[in-house]
Student: 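My structure is below; once you've seen it, I'll send some questions.
Only a predicted model underlies this, so the values are computations on that prediction, with no experimental measurement involved.
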Amino acid sequence: MSLVLASASASRAGLLRAAGVQFSVHPADLDEAALMAGMAGSQAASVVLALAGAKALAVSAARPGALVLGGDTVIALDGDLVSKCTDMAAARALLQRMSGKDHLLVSAAALARDGNVIWRHASPVRMTVRPLSPAFLDAYLAAEGPAILSSVGCYHYEGRGAQLFDRVEGDYFSVLGLPLLPLLAALRQEGVIAR
């Protein structure tokens with residue numbers, strides 16, 4: 001059984017590779033902003049499950065017989081759903097907004113085959129950002145640079161981004177963008193990896 005990752009995310013690919021999962025990459029071409037706008041007012045878990053499923057289905061249509069993995073991550077902050085920032089000014093504004101607050105990060109994965117979603121899972125993580133000083137933010141943004149724009153929340157938790165937090169309650173892999181352990185169980189069920 002071949003697995004296709006319907007994402008250009010280096011983090012998701014890295015997690016799969018590190019876990020010994022063989023896969024190919026075929027990023028989904030979707031207007032995520034339009035999909036999210038159409039779900040305004042929905043809970044974060046519902047939105048992220050829909051986005052992951054839409055990505056898996058889009059690629060599944062182009063790859064008959066393949067098992068396709070879609071993934072997505074959103075943040076719920078002060079009643080708003082947050083996605084990726086478009087520039088460094090937006091990143092600074094978001095980090096200032098998150099300073100000293102909790103947010104809910106939700107990562108989801110979905111598996112599709114032949115145009116049908118056959119499995120999905122969402123994993124919420126409660127994250128507490130410590131109060132961030134302007135000097136810290138300046139240094140953080142300068143060190144991380146535009147690479148943080150590829151991450152929801154503008155942090156790479158596996159690196160310098162860990163310095164942003166006082167407390168994290170939930171699955172480490174989900175913070176990196178993929179609920180890996182439930183996904184591995186599903187891949188065993190589908191015969192992609194050994195039981």
Side-chain angles (χ1 to χ4, degrees), residues 3 5-23 25 27 32 43-53 55-56 67-78 81-85 91 94-95 97-111 119-132 136-137 140-141 143-145 147-190 192-195:
L3 178 68
L5 176 61
S7 172
S9 166
S11 180
R12 289 186 187 103
L15 287 171
L16 290 171
R17 209 172 288 114
V21 178
Q22 294 185 354
F23 62 96
V25 176
E32 291 183 48
Q43 295 293 317
S46 298
V47 171
V48 78
L49 281 167
L51 290 170
K55 290 177 182 180
L67 186 64
V68 179
L69 169 61
D72 208 276
T73 302
V74 298
I75 287 175
L77 173 67
D78 298 333
L81 295 183
V82 177
S83 194
K84 294 175 185 167
C85 290
L94 176 61
L95 291 168
R97 184 176 169 202
M98 292 192 306
S99 179
K101 296 180 183 175
D102 283 356
H103 64 266
L104 185 70
L105 176 144
V106 185
S107 284
L111 293 171
W119 176 87
R120 67 180 87 217
H121 181 85
S123 178
V125 180
R126 176 74 50 196
M127 305 184 73
T128 304
V129 177
R130 67 182 181 82
L132 305 174
F136 173 82
L137 271 179
Y140 174 76
L141 291 168
E144 291 293 283
I148 61 169
L149 299 178
S150 69
S151 297
V152 173
C154 298
Y155 48 80
H156 293 137
Y157 184 63
E158 68 277 22
R160 187 176 277 111
Q163 293 186 34
L164 298 170
F165 299 96
D166 274 337
R167 187 174 58 253
V168 174
E169 300 169 23
D171 178 51
Y172 172 78
F173 297 115
S174 292
V175 179
L176 303 185
L178 200 58
L180 186 62
L181 299 181
L183 173 62
L184 292 174
L187 294 178
R188 284 190 292 273
Q189 282 291 113
E190 294 298 320
V192 174
I193 57 177
R195 286 181 177 250

Student: Using the test salt bridge (charged side-chain N to carboxylate O under 4.0 Å, His left out), find all partners of Arg195 that sit at least two apart in sequence or belong to another chain.
Tutor: none

Student: With sequence neighbours left out, what residues match Arg130 under side-chain hydrogen bond (donor to acceptor under 3.5 Å, both in side chains)?
Tutor: none

Student: Quick one: side chain to side chain contact (heavy atoms under 4.5 Å, CB included) partners of Ser9, sequence neighbours excluded?
Tutor: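 Ser9 satisfies side chain to side chain contact (heavy atoms under 4.5 Å, CB included) with Ser7, Ser11, Arg12 once adjacent residues are dropped.
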
Student: May I ask you to test the Val47-Val106 pair for a side-chain heavy-atom distance under 4.5 Å?
Tutor: no

Student: Got a sec, which pairs hit salt bridge (charged side-chain N to carboxylate O under 4.0 Å, His left out) with one end in residues 168-182, sequence neighbours left out?
Tutor: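 Matches after skipping sequence neighbours: Arg167-Glu169.
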
Student: List for me each residue that meets side chain to side chain contact (heavy atoms under 4.5 Å, CB included) alongside Ala19, sequence neighbours excluded, and say none if there are none.
Tutor: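 Here the qualifying residues are Val21, Leu180, Leu184.
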
Student: For Ser107, run the side chain to side chain contact (heavy atoms under 4.5 Å, CB included) check against Val74, Val125, Thr73 and tell me which one passes.
Tutor: Thr73

Student: Could you list the residues that satisfy salt bridge (charged side-chain N to carboxylate O under 4.0 Å, His left out) with Glu158, not counting sequence neighbours?
Tutor: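 Result, salt bridge (charged side-chain N to carboxylate O under 4.0 Å, His left out) vs Glu158: none returned.
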
Student: Kindly write out the residues that satisfy salt bridge (charged side-chain N to carboxylate O under 4.0 Å, His left out) with Arg160, not counting sequence neighbours, or none if the list is empty.
Tutor: Glu144

Student: Which residues pass the ring pair (Phe, Tyr, Trp, His ring centres under 6.0 Å) test with Tyr140, not counting sequence neighbours?
Tutor: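 Applying ring pair (Phe, Tyr, Trp, His ring centres under 6.0 Å) to Tyr140 gives Phe136.
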
Student: Go through the structure and list residues passing side chain to side chain contact (heavy atoms under 4.5 Å, CB included) with Ala13, not counting sequence neighbours.
Tutor: Leu5, Arg17, Phe23

Student: For Val129, check side chain to side chain contact (heavy atoms under 4.5 Å, CB included) against everything at least two apart and list the hits.
Tutor: Met98, His103, Leu132, Phe165

Student: Asp166: what forms a side-chain hydrogen bond (donor to acceptor under 3.5 Å, both in side chains) with it, not counting sequence neighbours?
Tutor: none

